[in-house]
Amino acid sequence: MSFVIEIFAWLFIETIFGFIFYSTGCLILKLITFGQFKMEFKDFGAYKVSKSRKVNLICLLGITFYILLIVLIAYLNN
């Protein structure tokens with residue numbers, strides 16, 4: 001029983017982090033392109049339905065942003 005609960009917990013965590021990375025990637029693209037990027041910001045349900053290659057690349061951009069932010073903070077603390 002605990003195995004099933006653990007699977008659902010990890011799926012829930014993955015979904016939340018994926019949505020955070022997706023929304024960060026969309027905001028970065030909007031800022032970089034000065035609003036010319038026309039992908040609409042989707043709600044949580046539409047995000048889960050549209051897990052396409054374009055969405056995965058936007059998530060990768062969001063993950064990269066947070067990794068660079070962590071590296072910058074670590075560099076500045078040294």
Side-chain angles (χ1 to χ4, degrees):
M1 183 70 174
S2 67
F3 180 70
V4 174
I5 293 172
E6 188 173 324
I7 288 175
F8 283 116
W10 279 108
L11 287 175
F12 183 71
I13 290 169
E14 185 271 332
T15 301
I16 290 175
F17 276 116
F19 184 70
I20 290 171
F21 294 148
Y22 169 75
S23 60
T24 303
C26 280
L27 291 175
I28 290 171
L29 283 175
K30 286 272 189 193
L31 291 173
I32 290 173
T33 61
F34 300 110
Q36 297 295 321
F37 181 67
K38 295 297 179 188
M39 185 170 199
E40 293 182 22
F41 188 73
K42 299 178 182 179
D43 63 346
F44 187 71
Y47 161 74
K48 284 304 285 180
V49 171
S50 69
K51 290 284 281 192
S52 65
R53 180 182 168 119
K54 193 172 186 179
V55 171
N56 288 337
L57 290 175
I58 293 173
C59 287
L60 181 65
L61 179 65
I63 291 169
T64 305
F65 171 76
Y66 286 113
I67 290 172
L68 290 175
L69 187 65
I70 290 169
V71 169
L72 178 69
I73 290 171
Y75 176 75
L76 292 176
N77 281 334
N78 282 334

- prompt: Quick one: OH on Y66 to CG on L61, what's the gap to the nearest 0.5 Å?
  reply: 11.0 Å
Hydrophobic cluster (4.5 angstrom, side-chain heavy atoms) - remaining members for L76: L72, Y75
field: Partners meeting side-chain contact (heavy atoms from CB on, under 4.5 Å) with I73 (sequence neighbours left out)
entry: L69, N77
- prompt: Would you say L68 and L27 are hydrophobically clustered, going by side-chain heavy atoms of ILVMFWY under 4.5 Å?
  reply: no
query: Under 4.5 Å between side-chain heavy atoms, hopping through other hydrophobics if needed: is there a path connecting I70 to I20?
result: no
- request: Apply ring pair (Phe, Tyr, Trp, His ring centres under 6.0 Å) to F65 and list each qualifying residue two or more places apart in sequence or on a separate chain.
  value: none
